[in-house]
2 protein chains.
Amino acid sequence: MPATILIVEDEPAIAELVALHCKHAGYTVKVVHAVLDARDAVDEALPDLIVLDWMLPDKSGIDFARELRKDDRTKDLAILMLTARAAEDDKVRGLEVGADDYVTKPFSPKELIARIKALLRRAAPESSDEPIEVAGLRLEPAAHRVSGNGTELKVGPTEFRLLRFLMSRPDRVMTRQALLDGVWGDHVFIEERTVDVHVRRLRIALEPTGHDALVETVRGGGYRLRKR
Amino acid sequence: MPATILIVEDEPAIAELVALHCKHAGYTVKVVHAVLDARDAVDEALPDLIVLDWMLPDKSGIDFARELRKDDRTKDLAILMLTARAAEDDKVRGLEVGADDYVTKPFSPKELIARIKALLRRAAPESSDEPIEVAGLRLEPAAHRVSGNGTELKVGPTEFRLLRFLMSRPDRVMTRQALLDGVWGDHVFIEERTVDVHVRRLRIALEPTGHDALVETVRGGGYRLRKR
DNA sequence: AATGAGTGTCACAGAGCCGTAACATCATTG
DNA sequence: CAATGATGTTACGGCTCTGTGACACTCATT
């Protein structure tokens, strides 16, 4: 049975574009243009995923996302936020208000669908604030703290996000592009080689643990965090 | 396997600039100056990506993009739109109907190439990421890792692809040409004997498993991976 | 203004990988 | 058994990729 997607988007052109691609991808689609209508739609039939614009006529998409997170019924609803480019990445990342993912406008339809699919596939939200433990490392998002084998590690901001991203998918080879997308955000123009430098900085930061080669290089592929 | 890029741009100076940078980045380039010519070019040889100017003499680039999206053959074609700065972001955002990304003029060549690279990478098809197990070997595409009887094996990039290809069709005799096509890609000019060398390297890589003759030679035929 | 941390980019060197040639060995055929 | 062709094995030059240190720039704090 096809998943249903609720699109909350003011601008008709974008709403139509998104709806078109979702339909084409085989999903059932419902479009509303304001938060008020969105509430009704959610009450009426719980969708599997909400594509939510950041800027809406009656209320901020963020507020609506917060609101959804508070309600038990919609607490685990997958939310994909649409943001304007002006809304800087850091801002968005800093405000992480419960959206499971976000896409900046203008977006590629292909990318949008890919992210929707990804969200629907994994029920578990990845940006949880729960501590992660992998390979003897412990990362606490809330406290912004990393420790390995009991000792606390000094990890810079970028390295922290990099490590978090790697730990969220241990044992999996991440291409430099994937890391750029996941750690720095899409639509950012940074040399791929820059990833190498931050990987080095991360490795140095992880040295006090004693374990070396926690972050492995896959030649021609990217990097991978050892699971154990 | 260089990707081919079709540039649809009226202004000669810009067309040349873009073409130059694309060529320099190793892509095959074709330049046309109007939508009419672009249609022919697409019909003749499907490009991997189109750099499309917003303003064209005979027809709007947007209309052409819409047109491309409707055709099944070109539905998933990567489109990078070039827009004048005058066309303000909001306008672009609103009207954006199928371009995968866009760059405003004047643009930095670096950014342009970065975006092109990103688009082409994203367009690359992802083959199944499920682990394969054959003859005591376990190959995990996502982790880019091979293990035999519990021990991890050190396998180079080409050998990895070779093994993956063989494991995906166990017990089946693969000619050297089939291996070249499947592992190296079609239309690659490489000596068939090179396959032999990589098969040897693969055999060496698989030695730690204890089992020998996992990769069998079929005289006059090619190679085959034993199923068990 | 000075300082220091954080970041992105670059250049260089070394390591690893690749395709090929050349020679050795094996299988098949007569 | 000799001849012939196919395959195994090794070595090597060239090239790509990665590690690493240095540097400039920004931003916040002093």
Side-chain angles (χ1 to χ4, degrees), chain A residues 88-91 93-94 144 146 153-163 165 173-177 179-181 183-185 187-207 212-224, chain B residues 1-2 24-26 108-111 113-114 117 121 144 146 153-163 165-166 173-181 183-185 187-207 212-225:
Chain A
E88 265 312 315
D89 279 342
D90 283 334
K91 213 171 183 176
R93 217 178 286 127
H144 212 274
V146 183
L153 303 171
K154 186 180 179 312
V155 179
T158 304
E159 283 69 58
F160 184 86
R161 293 201 307 272
L162 176 58
L163 179 59
F165 192 69
V173 177
M174 312 295 295
T175 65
R176 289 175 175 74
Q177 189 60 47
L179 290 170
L180 281 178
D181 289 350
V183 176
W184 279 261
H187 298 99
V188 171
F189 301 99
I190 293 183
E191 296 293 322
E192 288 197 347
R193 287 307 306 278
T194 297
V195 175
D196 297 24
V197 178
H198 281 279
V199 165
R200 164 155 173 75
R201 287 166 181 163
L202 175 58
R203 280 171 172 160
I204 291 175
L206 296 184
E207 259 173 13
D212 59 342
L214 272 175
V215 181
E216 296 179 325
T217 305
V218 177
R219 178 169 254 262
Y223 295 96
R224 165 179 66 192
Chain B
M1 40 153 191
H24 187 266
S108 108
K110 195 168 155 191
E111 177 186 340
I113 292 300
K117 277 186 185 165
R121 209 179 332 257
H144 210 276
V146 183
L153 304 173
K154 187 180 179 311
V155 180
T158 304
E159 283 69 59
F160 184 87
R161 278 181 284 131
L162 176 59
L163 178 58
F165 191 71
L166 287 170
V173 179
M174 312 296 296
T175 66
R176 289 176 174 73
Q177 192 56 53
L179 290 171
L180 280 179
D181 289 349
V183 176
W184 279 260
H187 321 305
V188 175
F189 74 113
I190 287 184
E191 298 292 325
E192 286 199 347
R193 287 306 308 278
T194 297
V195 175
D196 297 23
V197 178
H198 281 280
V199 165
R200 162 143 178 83
R201 286 169 180 160
L202 176 59
R203 281 171 172 160
I204 291 175
L206 296 185
E207 260 173 13
D212 58 343
L214 273 175
V215 182
E216 296 181 323
T217 305
V218 178
R219 196 178 176 81
Y223 296 96
R224 163 176 60 190
L225 183 75

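For the numbers below, each heavy atom of this structure counts, side chains included, while hydrogens, waters and symmetry mates do not. The chains referred to below are lettered A, B, ... by the order of the sequence lines, with proteins before strands, and numbering in each begins at 1. Just so it is clear, the structure is predicted and the values come from calculations on it, not from any experiment.
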Candidates A/Arg200, A/Arg201, A/Arg203, A/His198 - the one meeting side-chain hydrogen bond (donor to acceptor under 3.5 Å, both in side chains) with A/Glu159: A/His198
Value in whole Å for how far the P atom of D/dG8 lies from CD of B/Glu216: 12 Å
Any B/Thr217 side-chain nitrogen or oxygen under 4.0 Å from OP1 or OP2 of D/dA6: no
Distance, nearest 0.5 Å, that separates CG of A/Leu214 from CG of A/Leu202: 9.0 Å
Sugar-phosphate, base or nothing in reach of A/Val155, heavy atoms under 4.0 Å: nothing
Rounded interatomic separation in angstrom, taking OH from A/Tyr223 and C1' from D/dT18: 6 Å
Spacing of CG belonging to B/Leu166 relative to CZ belonging to B/Arg161, to within rounding of 0.5 Å: 12.5 Å
Atom-to-atom span, CZ of A/Arg176 to C1' of D/dT16 - whole angstrom: 12 Å
Between protein and nucleotides 4-7 of chain C, what N or O pairs are separated by less than 3.5 Å?
{"from": "C/dT7", "atom 1": "OP1", "to": "A/Thr158", "atom 2": "N", "distance (Å)": "3.1"}
{"from": "C/dT7", "atom 1": "OP1", "to": "A/Thr158", "atom 2": "OG1", "distance (Å)": "2.6"}
{"from": "C/dT7", "atom 1": "O5'", "to": "A/Thr158", "atom 2": "OG1", "distance (Å)": "3.3"}

Of B/Thr175, B/Val173, B/Thr217, the residue whose pairing with B/Tyr223 passes side-chain contact (heavy atoms from CB on, under 4.5 Å): B/Thr217
Atom-to-atom span, CD1 of B/Ile113 to P of C/dT9 - whole angstrom: 16 Å
Protein-nucleic acid N or O pairs under 3.5 Å, nucleotides 22-30 of chain C:
none

Distance, rounded to the nearest Å, where A/Arg224 contributes CZ and D/dT18 contributes P: 13 Å
CZ on B/Phe165 to CG on B/Leu180, rounded to 0.5 Å: 10.0 Å
N/O (side chain, A/Thr194) to phosphate O (OP1/OP2, C/dT9) under 4.0 Å: yes
A/Glu192 CD to C/dG8 C1', straight-line distance once rounded to whole Å: 14 Å
Distance in angstrom units between B/Phe189 CZ and C/dT20 P, rounded: 7 Å
Phosphate contact (D/dT20 OP1 or OP2) by A/Arg200 side-chain N/O below 4.0 Å: yes
Nearest-angstrom distance from the residue atom CG of A/Asp196 to C1' of C/dC12: 14 Å
Shortest non-hydrogen contact from A/Leu179 toward A/Leu162: CD2-CD1, 3.9 Å
Considering all heavy atoms, the nearest B/Phe160-B/Val155 contact: N-CG1, 3.3 Å
Atom pair CG/CZ of A/Asp196 and A/Arg176 - distance to nearest 0.5 Å: 4.0 Å
Donor-acceptor under 3.5 Å (B/Arg224 side chain, B/Glu216 main chain): no
